[in-house]
There are 2 protein chains.
Amino acid sequence: MPRADAARNRSLLIDAASAELSEHGLDVSISRIAARAGVAKGTVFNHFSSKEELVSAIFCEQLGALAATGETLLEHTDPRSALQQFMTAGAELQVNDRSFCEAVTATSRAHPAVRAASDRLAQAAEALTASARQAGVVRADVTGHDIVLLLGAATWIAAPLAAARSDLWRRYLHLILDGLRPEAAHELPVAAPTNEDFATAATR
Amino acid sequence: MPRADAARNRSLLIDAASAELSEHGLDVSISRIAARAGVAKGTVFNHFSSKEELVSAIFCEQLGALAATGETLLEHTDPRSALQQFMTAGAELQVNDRSFCEAVTATSRAHPAVRAASDRLAQAAEALTASARQAGVVRADVTGHDIVLLLGAATWIAAPLAAARSDLWRRYLHLILDGLRPEAAHELPVAAPTNEDFATAATR
DNA sequence: CACCAACATGACCAGCCGGTCAATTTATGT
DNA sequence: ACATAAATTGACCGGCTGGTCATGTTGGTG
């Protein structure tokens with residue numbers, strides 16, 4: 001059982017890191033995070049053996065939250081709007097969080113805990129996609145992996161103008177969703193990514 | 001008139017910087033670039049007053065090349081495939097060049113020369129889009145600015161798996177193109193970005 | 001050839017980073 | 001109240017970065 005102050009500091013650190021990462025992206029300094037949490041820099045390394053470890057912990061939280069959203073939507077919402085709300089949630093997460101953008105993309109997929117969280121997200125996405133496909137509200141050649149990769153696209157596209165037009169990402173999310181409709185479908189030139197693709201990409 | 005060796009070194013530097021930027025992205029060190037060009041670090045700053053200046057010079061080259069491609073396509077190709085080839089060229093540029101990805105997005109739009117190059121690219125994109133719209137091969141509510149912003153999306157989406165599946169970006173480019181078709185069109189919730197949006201985003 | 005300005009050079013600077021650790025403070029069980 | 005393990009602290013380290021500058025070299029010119 002950890003000491004009381006240690007537990008409190010750990011939670012303060014996670015909050016601070018989450019906030020700083022969301023505001024300044026992946027390259028915030030440990031010092032900033034420590035300062036925001038109101039602790040010394042050394043304390044950070046008492047709780048997380050390296051910066052990567054700290055960042056991974058937060059990524060896992062966020063990936064898990066989004067996966068949970070997806071799982072809930074799958075049960076309680078019709079397939080069409082479930083998928084739409086899932087993608088909206090994913091995009092929204094990134095609007096408020098610059099680092100999450102890099103998290104889905106991330107190299108840190110090498111980290112085992114992050115991999116696990118990514119896998120859970122991938123399963124949720126696949127379930128939602130399968131349901132939508134079966135209902136005929138999404139084109140037949142799109143997979144859960146596609147959806148995961150597309151999650152951050154709208155936010156990324158609108159990022160250069162985010163300061164001037166904070167809701168612009170919605171435009172591009174809808175554009176992408178229109179591309180996912182069955183009536184828009186034209187044969188795609190390249191096959192969807194597979195589990196192996198993700199696996200080999202992680203080990204590089 | 002510059003001295004002969006100065007001109008040669010300048011060109012060597014631009015080649016080296018271009019190569020290093022494409023391989024390692026925006027955060028390559030000046031030392032690396034200098035080493036690759038076979039000159040001392042100080043020489044870099046003889047030719048470019050800061051790193052930003054060097055990077056901007058290369059961005060301008062690339063933006064200019066893509067704009068030129070667009071202008072040629074406008075004259076010599078039918079509207080549908082002109083737009084498609086334009087976007088393919090834009091995506092391809094980023095597959096081979098990690099930094100260009102960040103260039104279109106770039107904060108360095110603040111730099112006047114980069115702004116000029118971006119504007120030329122925007123005009124080419126708008127001309128191509130107008131032509132395609134008029135021919136009815138693209139939905140009515142899409143603009144040149146949309147196209148510019150969408151240029152890098154496919155590459156970005158496929159980036160996490162680029163090592164395992166180097167041609168995956170084509171899948172997502174086609175998916176986006178399908179979303180641009182008139183038959184896919186559903187009302188978009190947010191208006192297209194305007195010139196002012198780009199202007200205010202640049203001054204931030 | 002000689003001469004000078006243009007240019008190349010690399011040691012050097014301040015500042016930042018992630019990470020370490022001996023010394024110190026503090027929470028907790030008795 | 002005390003003892004002790006647990007946790008905090010901040011000075012410190014090596015390494016890297018963009019950028020500077022006195023010194024040395026070289027190309028062009030008359």
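First the proteins, then the strands, lettered A, B, ... as listed; each starts at 1. These numbers come from the heavy atoms of this one structure, side chains and all, not from hydrogens, waters or symmetry mates.
- Atom CG of A/Asp5 is separated from atom P of C/dT28 by 7 Å (rounded to the nearest Å).
- Checking A/Glu53 against A/His111 by side-chain atom types alone, a donor-acceptor pair falls below 3.5 Å.
- Contact check, A/Ser29 against C/dC17: a side-chain N or O comes under 4.0 Å of OP1 or OP2.
- Nearest heavy atoms, A/Leu26 versus A/Lys51: O-NZ, 3.4 Å.
- Between the P atom of C/dC7 and the CZ atom of B/Phe48 lies a distance of 13 Å, rounded to the nearest Å.
- When the nearest nucleotides of DNA chain D are assigned to A/Gly42 and B/Ser31 by heavy-atom distance, the more 5′-ward of the two goes with A/Gly42.
- The shortest non-hydrogen separation linking B/Val142 to B/Arg133 is O-NH1, 2.7 Å.
- Regarding B/Met1, its CE atom lies at a distance of 10 Å from the P atom of C/dC7, rounded to whole Å.
- The base of C/dA6 sits within donor-acceptor range of the side chain of B/Arg3, with an N or O pair under 3.5 Å.
- To the nearest angstrom, P of C/dG19 lies 16 Å from NE2 of A/His47.
- Rounded to a whole Å, the CG atom of A/Leu26 is 15 Å from the P atom of C/dC17.
- The aromatic rings of B/Trp156 and A/Trp156 sit parallel, their planes meeting at an angle under 30°, below the 60° perpendicular limit.
- DNA chain D lies under 4.0 Å from at least one heavy atom of each of the following residues of residues 8-22 of chain A: A/Asn9.
- When rounded to the nearest whole Å, the span between CD1 of A/Ile30 and C1' of D/dC13 equals 17 Å.
- Contacts of B/Val39 with the nucleic acid, taken as non-hydrogen atoms under 4.0 Å apart, involve only primed sugar atoms and P, OP1 or OP2.
- A straight line from CZ of B/Phe45 to C1' of C/dA11 spans 15 Å, rounded to a whole angstrom.
- Contacts of B/Val28 with the nucleic acid, taken as non-hydrogen atoms under 4.0 Å apart, involve only primed sugar atoms and P, OP1 or OP2.
- For the pair B/Asp178 and B/Ala184, the tightest heavy-atom approach, listed with the atom from each and the gap, is O-CB, 3.4 Å.
- Going from atom CG of A/Asn46 over to atom P of C/dT24 covers 17 Å, rounded to whole Å.
- In the interface, the side chain of B/Lys51 is not paired with the base of D/dG19 through any donor and acceptor atom under 3.5 Å apart.
- A cation-pi contact, defined as under 6.0 Å to the ring centre and within 45° of the axis, links B/Arg10 to B/Phe48.
- No salt bridge links A/Asp5 with A/Arg8; every basic N to acidic carboxylate O contact stays at or beyond 4.0 Å.
- Nearest-nucleotide assignment on DNA chain D puts the 5′-proximal partner with A/Pro2, out of A/Pro2 and B/Ala4.
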